[in-house]
Structure formats: structure tokens, C-alpha cells
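Scroll down for the structure; my scribbles are underneath it.
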Amino acid sequence: MPELPEVETSRRGIEPHILSQTITDAIIRQKKLRWPIPLSLKNNLPGNQITSVARRGKYLLLNTNTGTVIIHLGMSGSLHIINNQTPAEKHDHFEIIFANGKSLRLRDPRRFGAVLWTRKNPLTHKLIEKLGPEPLDTQFNTDYLYQSSRNKKTSIKTFIMNSHIVVGVGNIYANEALFLAGIHPKRLAGRISQARYELLVNAIKSVLTSAIQQGGTSLRDFTNQDGKPGYFKQHLNVYGKADLPCSHCGQKIKQIRQQQRSTYYCSHCQS
DNA sequence: TTAATCACCTGAGGGC
DNA sequence: TGCCCTCAGGTGATTA
């Protein structure tokens, strides 16, 4: 399930293959993703060159001469660089074909992803303009998170997963960061001290940096652009470890539901 | 205005 | 072996 490290891994993987390449065609096999893929892409993309491959939060931005393709991988999306003669697989919904014979394919079994097109600055797109800071930027710091949390009556886990507060912290890394910071996931965001927010900010930055370095987390749905899994799963402390002993104290990891999401924590190490 | 819930979707895995 | 059910979850829209 792509979170920020998986999206960044994908960006780094596809960039050398498509940067400065000229698009010859775009194929929409299944337009029904989270939002319909605009059919205008078939006319808008051919003849364009990829000028940069950027990322904002979990959105990939393929910038071209005349506009930007915005891609979100949703729950199960992945991008693949392949020879354009390779037969499409069942869930290959969208494809950009390049003059060098390569293709960029979006595979997304659950179809929670999105492919959009804008001719404006993509950072002003309605899905992107209100996003919070990047977690690895200096703008995301203790003061920012502490001040943002004042008077908030929601749980800390829900709070840090809100993309308008900080982008890219999904369920896996929210669980892991709260464990590293020693904060109980149900504690109210507005009732946490600045000192504990410092621990949390450092934990978020640490867990995301490690995951990016290791190519993301390999769970059921994620592989990188080569079809290979990520390796961060080997370093998870609590996610998916219900009833297993805590790596720090040995007590059983607990599992609860928050906001329709599984939450894992150690009741001894997190308070 | 804020917080909680719903809806979208399909593959994996477990039980029978 | 095959069918059915539950679970997984990012995020905008809707509801309270």
C-alpha cells in the first residue's frame, strides 16, 4: 500500500527512464479509477516531453511542456517501466508510450488511484494546494506540529494521518512513529506536551527516512517499478504484529480500530 | 467549524 | 475444490 516512501521510491525508479523522453501515445484501458481518467489525455500528451518528475505528498507530478499528469497510487497502485510491446496485464489501466520504445504503465487492482491532467501550476490544483508540509522538510518541526494541535479533540494518530496537517503519513508509519515516540495512539492531539511532540516529529522523520532508504514497505500490494518488494517491513515494530511480543518490553502488541483503520501499539511502552 | 463516518474497489485468506 | 465472508486502507464527500 503506497505511502510516501513507496511513492518516492517509485518516483526515483521511473525518473531516469522517462525524463526528457517524448510521448508518442497515451492509452486508457480502464478510465474508472477514483475519478475518471480524462479522455483528453489521449490528445494532450502525444508530442510532449517529460520535463521533470516531481512529488508532492503522495501525488506524483509528471511535468511536460504543456501541462502536468498528476498520479496518485491509491491503495494498490504501482508504476512499471516496460517495453511497449509487452502485453498489458489485467489491471494495467493507463499507459504512456515514449518514442524510445518504453512505456510507463499504471497497475492498480483496487482502482483507488487517480490520473489527472492540469495545464496550470500543479501545486495550485485543488487536491494539492491545501496539503500540509512535507514531513522531511524543515517546515515540519516541533513548533509547527505543536501549534497545529492546540484545541484539537481528535486522537493523535488521526491527527498525524491528516494530509492537511502533514502529508505522507499513512497507517503503517503513523503506528510506527507513535511507537518510537512512546505516545498512545488514542491520546488526544490537543493534550500532548511540546516535549512529546518533539519526540514525535523526530520519530516521523526517522521512520520515513529509513523506509525511503530501504525502498518502502513490502506488504501485500506494493512492489517498486521493477516489480521488486520494499524491505522496510523487516524493521516494523508494531504494525501487523498483534499478539506478538513488543521488541522493547516483551509485552503483547495490542490491536484496536480507529477511524476504520487497524491501530497497533504496546500499552506498556506507549502512554 | 470540527470531527466522525461513508463510499469507492478487488485480492488474499480463512472457514466450511 | 469451490463458495462465501471478512479484512485491508487513502482520501474526498457527506453527515452529525
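First the proteins, then the strands, lettered A, B, ... as listed; each starts at 1.
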- Message: Given dA13(C), dT10(B), dC9(B), identify the nucleotide with an atom nearest to the side chain of Phe112(A).
- Response: dC9(B)
- Atom CZ of Arg107(A) and atom C1' of dG11(B): how far apart are they, to the nearest Å? 14 Å
N/O-N/O pairs, protein side and nucleotides 2-6 of chain B side, under 3.5 Å:
unit_1	atom_1	unit_2	atom_2	d
dA3(B)	OP1	Lys153(A)	N	2.9
dA4(B)	OP2	Thr154(A)	OG1	3.1

- Item | Spacing of Leu60(A) atom CG relative to dG10(C) atom P, expressed in whole Å | 16 Å
- Do you know which of His91(A), His93(A), Glu95(A) makes side chain to side chain donor-acceptor pair (under 3.5 Å) with Arg29(A)? Glu95(A)
- Side-chain N,O (His72(A)) to OP1/OP2 (dT11(C)) below 4.0 Å: yes
- Message: Are Asn48(A) and Thr22(A) packed together at the side-chain level, in the sense that at least one heavy-atom pair is separated by less than 4.5 angstrom?
- Response: no
- Query: Rounded to the Å, how far apart are Lys157(A) NZ and dT11(C) P?
  - Reply: 13 Å
- Item | Leu73(A) CG to dT11(C) P, straight-line distance once rounded to whole Å | 10 Å
- Message: How many whole angstroms separate atom NE2 of His93(A) from atom C1' of dT10(B)?
- Response: 10 Å
- Of dG11(B), dG12(C), dG10(C), the nucleotide closest to the side chain of Tyr59(A) is dG12(C)
- Note on the structure: Looking only at dG9(C), dT11(C), dG11(B), the nucleotide nearest the Lys58(A) side chain is dT11(C)
- Please check if the distance between the ring centroids of Phe179(A) and His248(A) is under 6.0 Å. yes
- Below 4.0 angstrom from OP1 or OP2 of dA8(C), is there any side-chain N or O of Ser262(A)? yes
- When you check the phosphate oxygens OP1 and OP2 of dG11(B), does a side-chain N or O of Lys90(A) lie under 4.0 Å from one of them? yes
- Donor-acceptor pair under 3.5 Å, Arg34(A) side chain vs dT11(C) base: yes
- Query: Should Arg105(A) and Ile81(A) count as side-chain neighbours, where that means a heavy-atom distance under 4.5 Å?
  - Reply: no
- Task: To the nearest Å, give me how far apart NZ (Lys32(A)) and P (dA7(B)) are.
- Result: 16 Å
- Query: Is there a side-chain contact between Ile172(A) and Leu236(A), using heavy atoms and a 4.5 Å cut-off?
  - Reply: yes
- Query: Does OP1 or OP2 of dG11(B) have a side-chain N or O of His91(A) closer than 4.0 Å?
  - Reply: yes
- Query: CG of Asp108(A) versus C1' of dC9(B): gap in Å, rounded?
  - Reply: 9 Å
- Item | Tyr59(A) six-ring face occupied by Arg55(A) cation (under 6.0 Å, within 45°) | no
- Message: Do Leu33(A) and Leu106(A) make a side-chain contact, defined as non-hydrogen atoms from C-beta onward lying under 4.5 Å apart?
- Response: yes
- Message: Using a 4.0 Å heavy-atom cut-off, does Gln255(A) contact any base of the nucleic acid, only the sugar-phosphate backbone, or nothing at all?
- Response: sugar-phosphate
- Establish, with yes or no, whether the OP1 or OP2 oxygen of dA8(C) is under 4.0 angstrom from a side-chain nitrogen or oxygen of Arg257(A). yes
- For Asn171(A) and dA8(C), give me the distance from atom CG to atom C1', rounded to whole Å. 10 Å
- Query: Do Leu188(A) and Phe159(A) come close enough that some side-chain heavy atom pair is under 4.5 Å?
  - Reply: no
